[in-house]
Asks: 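Right, I'll just put the structure down here and ask away after.
Computed from a predicted structure; not experimentally measured.
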Amino acid sequence: MSIHKKWDRYANETIFNFSILPENIQRYGKELTYEPKQFIVFRGDYLRYIYFIKSGQALGTRNYEDGNEYNYFAIDCENGSIGLLELFAREPEYIASIMCTTEVTAIRIDAEIIYEYVMENQEMLRRCITLVAQDLYKRSANDGRFYYLDGINRVRHYFVDYYNTHLHENHREVTVYAEYRDIATSVGISIRTVGRSIQKLKMNGEIRSRDKKVVIDENNYRLLLSSFNLQ
């Protein structure tokens, strides 16, 4: 049997969110509502709960000693579990602060309940292994990806990747919530270069702006891809 057939055997076991938990585990959940810009957890807080996003979107943020804040991953109802990485890494503190970008409804369950349930259930273990491995694979694949790119192409690459990551079904566009400093940190260029590149991309029609945020629709995405080149 080929490896693809082996993978196909477990093809449906690729998500871990509240919807796949059995009723006897769901009943331990407490539903909470958070306002935009409200934090669900803070970096360094003790790991007491696992949070499953039921609706809305939030960002993982890191604060640094120089006062900068970096938004580096988004979560929603599809991939939205907070604390799962820390739980299975056996780390007692949340690694990132999680801030809501929209109104968020989340289900909170004691971490020890989730840990015991997953560790005693092979299917749940396989789901968690897949999540962690896919995230590690993506991070490994991105190592050194900007080495040969100039500033504007690094920013193009960032927006293409952001669009692919954040586009949801029945939506035709994506709003980029990252600040200039977030983009600069992510792609390894100065904030000034990010600003100049964004202005050029707007002039070229490759991105749009709304309420001081970059907006990318399907046409913008195609223009970004067609203009992208190695220089």
Asks: If Ile, Leu, Val, Met, Phe, Trp and Tyr residues are connected whenever their side-chain heavy atoms lie under 4.5 Å apart, and connections chain through other members, are V174 and L225 in the same group?
Replies: yes

Asks: Would you find a donor on one side and an acceptor on the other, under 3.5 Å apart, between the side chain of D211 and the backbone of K213?
Replies: no

Asks: What I want to find out is whether E13 reaches R127 closely enough, with some N-O distance under 4.0 Å, to be called a salt bridge.
Replies: no

Asks: Around atom CD of E112, are there more than 12 heavy atoms from other residues, nucleotides or ligands closer than 6.0 Å?
Replies: no

Asks: Among all residues two or more places apart in sequence or in another chain, which pass the salt bridge (Lys or Arg N to Asp or Glu O under 4.0 Å) test with E31?
Replies: K54

Asks: Rounded to the nearest 0.5 Å, what's the gap from CD1 on I75 to CG on L59? Could you check?
Replies: 8.5 Å

Asks: Would I207 and I191 show up in the same hydrophobic cluster when neighbours are defined by side-chain heavy atoms closer than 4.5 Å?
Replies: yes

Asks: If Ile, Leu, Val, Met, Phe, Trp and Tyr residues are connected whenever their side-chain heavy atoms lie under 4.5 Å apart, and connections chain through other members, are Y180 and V215 in the same group?
Replies: no

Asks: Roughly how far apart are W7 CH2 and T14 OG1, rounded to 0.5 Å?
Replies: 14.0 Å

Asks: Just list the side-chain donor-acceptor pairs under 3.5 Å for residues 193-206, sequence neighbours left out, or say none.
Replies:
from: T193; atom 1: OG1; to: S190; atom 2: OG; distance (Å): 2.9
from: S197; atom 1: OG; to: T193; atom 2: O; distance (Å): 2.8
from: N204; atom 1: ND2; to: K200; atom 2: O; distance (Å): 3.3
from: N204; atom 1: ND2; to: E206; atom 2: OE2; distance (Å): 3.0
from: E206; atom 1: OE1; to: R156; atom 2: NE; distance (Å): 2.7
from: E206; atom 1: OE2; to: R156; atom 2: NH2; distance (Å): 2.9

Asks: Keeping the roles fixed (side chain from Q26, backbone from L21), state whether a donor-acceptor pair exists under 3.5 Å.
Replies: yes

Asks: For R126, is the CZ atom crowded, meaning more than 12 foreign heavy atoms sit under 6.0 Å from it?
Replies: yes

Asks: Above 12 or not: heavy atoms from other molecules or residues under 6.0 Å from CG of N12?
Replies: no

Asks: Checking Y162 side chain against Y177 main chain: does a donor-acceptor pair fall under 3.5 Å?
Replies: yes

Asks: Roughly how far, to the nearest 0.5 Å, is the CD atom of Q57 from the OG1 atom of T175?
Replies: 9.5 Å

Asks: Do V155 and I189 make a side-chain contact, defined as non-hydrogen atoms from C-beta onward lying under 4.5 Å apart?
Replies: yes

Asks: Quick check: do T102 and V104 have side-chain heavy atoms less than 4.5 Å from each other?
Replies: yes

Asks: Would you mind listing every ring-ring contact (aromatic ring centres under 6.0 Å, His included) that reaches into residues 107-127, with sequence neighbours excluded?
Replies: F88-Y115

Asks: Tell me whether E93 at atom CD has more than 12 heavy atoms from other residues, nucleotides or ligands lying less than 6.0 Å away.
Replies: yes

Asks: Following the transitive rule for hydrophobic clusters with a side-chain heavy-atom cut-off under 4.5 Å over Ile, Leu, Val, Met, Phe, Trp and Tyr, establish whether Y221 and L167 coincide in one cluster.
Replies: yes

Asks: Between the side chain of Q38 and the main-chain N/O of E35, is any donor-acceptor distance below 3.5 Å?
Replies: yes

Asks: Side chains of P22 and I25, heavy atoms from C-beta outward: is any pair under 4.5 Å?
Replies: yes

Asks: Between the side chains of K37 and E103, is the shortest nitrogen-to-carboxylate-oxygen separation below 4.0 Å, so that they form an ion pair?
Replies: no

Asks: Counting distance only, does the side-chain N/O of N153 pair as donor-acceptor with the main-chain N or O of D150 below 3.5 Å?
Replies: no

Asks: Does F159 form a side-chain contact (heavy atoms from CB on, under 4.5 Å) with I183? I'd like the steps, not just the answer.
Replies: CA-CA 9 Å; F159 287 143; I183 301 172; 4.0 Å; yes

Asks: S55: what forms a side chain to side chain contact (heavy atoms under 4.5 Å, CB included) with it, not counting sequence neighbours?
Replies: T105

Asks: Under 3.5 Å, is there a donor-acceptor pair between the side chain of S226 and the main chain of L223?
Replies: yes

Asks: Could you tell me which residues satisfy salt bridge (Lys or Arg N to Asp or Glu O under 4.0 Å) with R222, sequence neighbours excluded, listed by chain and number?
Replies: E218

Asks: Assess, by modelled atom type and distance only, whether the side chains of N164 and D161 contain a donor and an acceptor separated by less than 3.5 Å.
Replies: no

Asks: How long is the span from the CZ atom in R43 to the OH atom in Y94, to the nearest 0.5 Å?
Replies: 14.0 Å

Asks: Hey, what do you get for NE2 (H166) to CD1 (I216), rounding to the nearest 0.5 Å?
Replies: 10.0 Å

Asks: Using a 3.5 Å distance criterion without hydrogens, assess whether the side chain of S209 forms a donor-acceptor pair with backbone atoms of V214.
Replies: no

Asks: Can you tell me how far the CD1 atom of I107 sits from the CZ atom of F18, to the nearest 0.5 Å?
Replies: 5.0 Å

Asks: Are any of the side-chain heavy atoms of R210 and E173 separated by less than 4.5 Å?
Replies: yes

Asks: Are any side-chain N or O atoms of D217 and backbone N or O atoms of N220, one a donor and one an acceptor, separated by less than 3.5 Å?
Replies: yes

Asks: When you group the ILVMFWY residues by side-chain heavy-atom contacts below 4.5 Å and let the links chain together, are I129 and L85 in the same group?
Replies: no

Asks: Identify every side-chain donor-acceptor pair in residues 44-53 under 3.5 Å, counting partners at least two apart or on other chains, and give the distances.
Replies:
from: D45; atom 1: OD2; to: F42; atom 2: N; distance (Å): 3.0

